[in-house]
Amino acid sequence: MRFSSAIQVAALLGLTSGRSIPGGHIVHEKRSVPNSKLHKRVSPDVVLPVRVGLKQNARALEEAENWLTEVSHPDSSLYGKHWTLDEVVEAFKPSDDAIETVAAWLIKSGIAKERITHSDNKVWLAFDATTKEVESLLHTEYFHDDQDRALVAAHEYHLPEHVSEHVDYITPGLSKKPALDDVSTCDQVITPHCLQALYNFKAPDPHARVSKNNSLGIFEQGDVYAQEDFNAFFAEYTPSIPNGTHPILNSIDGGEAPVSQGNAGGESNLDFELAYPIIYPQTTTLYQTDDAFYANGGGPTTNGVFNTFFDAIDGSYCTYSAFGETGNDPKFDPVYPDPNPGGYKGPLMCGVYKPTNVISISYGLQESDVPAYYQKRQCSEFLKLALQGVSVFVASGDTGVGGYPGNTDADFYGCLRNDDVFSPTHPNSCPWLTNVGATKVYPGKTVHDPESAVFDPSPSFNYSSGGGFSNVFQIPEYQRSAISNYFRNHNPTYPYYYNGEYNNSKGIYNRNGRGIPDVAANGDNIAVQVQGKKGLSGGTSASAPIFASLINRIVEERIKVGKGRLGLINSVLYENPGVLNDITNGTNPGCGTLGFNATRGWDPVTGLGTPNYPKMLELFLSLP
Ligand SMILES: *[C@@H]1O[C@H](CO)[C@@H](O)[C@H](O)[C@H]1NC(C)=O
Ligand SMILES: *[C@@H]1O[C@H](CO)[C@@H](O)[C@H](O)[C@H]1NC(C)=O
Ligand SMILES: *[C@@H]1O[C@H](CO)[C@@H](O)[C@H](O)[C@H]1NC(C)=O
Ligand SMILES: *[C@@H]1O[C@H](CO)[C@@H](O)[C@H](O)[C@H]1NC(C)=O
Ligand SMILES: *[C@@H]1O[C@H](CO)[C@@H](O)[C@H](O)[C@H]1NC(C)=O
Ligand SMILES: *[C@@H]1O[C@H](CO)[C@@H](O)[C@H](O)[C@H]1NC(C)=O
């Protein structure tokens, strides 16, 4: 199961302009040719930066040629006496009448005087206002460009006649403003610049010399990137990343990459399009796992996940026994050589690749999907990776405290017992990795406001940040005091049980299970390029590669000063929660409840919070 929510494609709504224009108003600007890319209304609470361009002084425009002749004609007594910029601005500035008329209209229409600024060159009146306010001011409707939600425009707008004569044009109006390093629309689309502003890091120097052995590892299965999409993404958002930049392929048991653009996978494209702008010129390593037959869910034995990946990076995992299981599980895992048509005919790959220093995984299941022994055997493998210094980041899941609707045993909420017990995610509940929940910049908020836990309700699928308490794994030592503080200060109102035993109980969550997640990062409205189209993606699928990429950069900085990789970072973070931005607003609904609350301190929605890159860097550089 991938944790990326589907690409949101704007529905074709057509034009519905049922608005009546009050008397005394005239059309100020109108599109001569309708723009079919504009049909999704901008939400009313989105804040727009409004600029009213005032007409320049009419008398000045008439006089301008004479003024120029005076200073440029050799016979003129003023020859060579050029004007200063201030003199030019003063002469051409809109008439006082124009400024007063337009300002008075704005104030009368409810835009308070204190909100309005007059530009240095005198030709603009500027203010920020919600879409609702501007629509009522200009008797118009604003739409997103369906190729780029950062772009906003109208088909036409109206002004009172006595105002219209003083106004050149208004933005946003008919023309759409591109927003490459503009972070004013991060509440609508998260670009690489938005992430830099949110987590306080700079774009990497594309010409920096980087370590050869610090490639960021990214796990994929049944979802494959397309190079053409990467190229288009880089050209649009990070032109300093060369066309053709691609991951180092570590193909596992017949995994192939890339694919043609028409077959590009939303998960893979999202992961790399997030990672590259954070880490380039550091490289990425793609662990493309399983042949197409198994990766796409063929055969009865593909409910498991990760075992063939572990086999490939640790040969002993192919054969060792733990928790009553030896090697791969024939009930859950692919079998190689694959006897199916077109299957990978080689033997199971064991120990053929080295694990990278940092690995990002945006895939997972619910704990209830596979037996506890299967999870415990995998968890001990995560422990061994951590022991070797490998840091693993896993998406915490996109279904809040519940599971996927209809996913487990055909129950609606994907929850346990009678669809009422919270359903923790696997492998997140393993204590020896770092799991990452999702935050969002809500409409009208900016990158300077605190983020909140993500929650996007919809009739078919409610997206919220996976969190809760494991039924399989107990609270690890490093998390003990964070969880007891949470229970002490924000005791959830729900009944609970102990030791994962919910059947003979009225409880709905496990009081002594490992808490999920550990940390969080943005996971909504992420700009992507998939299958030749610009779009928006999201999910904790985005959060994991963002966090992993920042840690990969920190490992790079450590290598530069002769220090080593980091392994499990959880103990350090729980001891130093100040290096994260605590998220204190939002919930993660599921199982017919509102889920848990994001609170001060650790919580089972957003963990300890989102990265504060300079603080994290300083802390990890200070460690041996
Ligand atoms: C990237 O390179 C490919 C193949 O060389 C070329 O066809 C394409 O036009 C290039 N794209 C950009 C955005 O430069
Ligand atoms: C989504 O959440 C709402 C409450 O906000 C609930 O009424 C609805 O049933 C949920 N939908 C799904 C598919 O779980
Ligand atoms: C979350 O906070 C709200 C508002 O303070 C409170 O009513 C609710 O009970 C809290 N939820 C839980 C699970 O404690
Ligand atoms: C709870 O009961 C269900 C149905 O009998 C069973 O499948 C499940 O394993 C039980 N869970 C636990 C934790 O005992
Ligand atoms: C990277 O490689 C160098 C030389 O091969 C080695 O000394 C160093 O320990 C490696 N660093 C990491 C973080 O793997
Ligand atoms: C708190 O989160 C909710 C979504 O759960 C969001 O609508 C609201 O704007 C947030 N409030 C603040 C103050 O960030």
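Counting from 1, the numbers follow the sequence of the chain as shown. The shown structure was predicted, so the numbers you read here are calculated from the model rather than taken from an experiment. Both ligands and their constituent atoms are indexed starting at 1 by order of listing. Values reported hereafter were calculated over all heavy atoms of this structure, with side chains retained and with hydrogens, waters and symmetry mates removed.
Taking the ring centre of Y496 as origin, the terminal cationic atom of R511 falls inside the region bounded by 6.0 Å and 45° from the ring axis.
In summary, the atoms of ligand 3 found under 4.0 Å from a heavy atom of G595, numbered by their order in the structure, are 13 (C). Residue N585 has at least one heavy-atom neighbour below 4.0 Å for each of these atoms of ligand 6: 1 (C), 2 (O), 3 (C), 8 (C), 10 (C), 11 (N), 12 (C), 14 (O). In summary, the atoms of ligand 6 found under 4.0 Å from a heavy atom of S452, numbered by their order in the structure, are 1 (C), 2 (O), 10 (C), 14 (O). Interface of N231 with ligand 1, defined as ligand atoms under 4.0 Å from a residue heavy atom, comprises 1 (C).
The closest approach between any non-hydrogen atom of K440 and ligand 6 is not below 4.0 Å.
For atom 14 (O) of ligand 3, the nearest non-hydrogen atom from the set T493, V401, T587 belongs to T493.
The single protein non-hydrogen atom nearest to atom 9 (O) of ligand 6 is K445 CE, 3.9 Å, given as residue, atom name and distance. The protein non-hydrogen atom at the shortest distance from atom 13 (C) of ligand 1 is A235 CB, 4.1 Å. In this structure, the protein non-hydrogen atom closest to atom 10 (C) of ligand 3 is N597 ND2, 2.4 Å. Protein heavy atom nearest atom 7 (O) of ligand 6, with residue, atom name and distance: Y442 CD2, 3.8 Å.
Aromatic rings of F422 and Y494 (six-membered ring for Trp) have centroids within the 6.0 Å cut-off, being under it.
Contact check for F461 versus D398: side-chain heavy atoms found under the 4.5 Å cut-off. Looking at I278 and L550, their side chains come closer than 4.5 Å, going by heavy atoms from C-beta outward. Using a 4.5 Å heavy-atom cutoff, the side chains of L137 and L106 are in contact.
In terms of polar-atom proximity, defined here as any N/O pair under 3.5 Å, Y494 makes no such contact with ligand 3. The shortest N or O to N or O distance between N243 and ligand 1 is under 3.5 Å.
A donor-acceptor contact under 3.5 angstrom links the side chains of D518 and Y574, judged on distance only. With no hydrogens or angles considered, a side-chain donor-acceptor pair links T284 and Y276 at under 3.5 Å. A donor and an acceptor atom, one from each side chain of Q282 and N214, are located under 3.5 Å apart.
At a heavy-atom cutoff of 4.0 Å, ligand 6 is contacted by no atom of F455, backbone or side chain.
At a threshold of 4.0 Å, the pair E135-K132 does not count as salt-bridged, since none of the basic side-chain nitrogens sits closer than that to a carboxylate oxygen.
By the definition of a contact as any protein heavy atom under 4.0 Å away, atom 3 (C) of ligand 3 is in contact.
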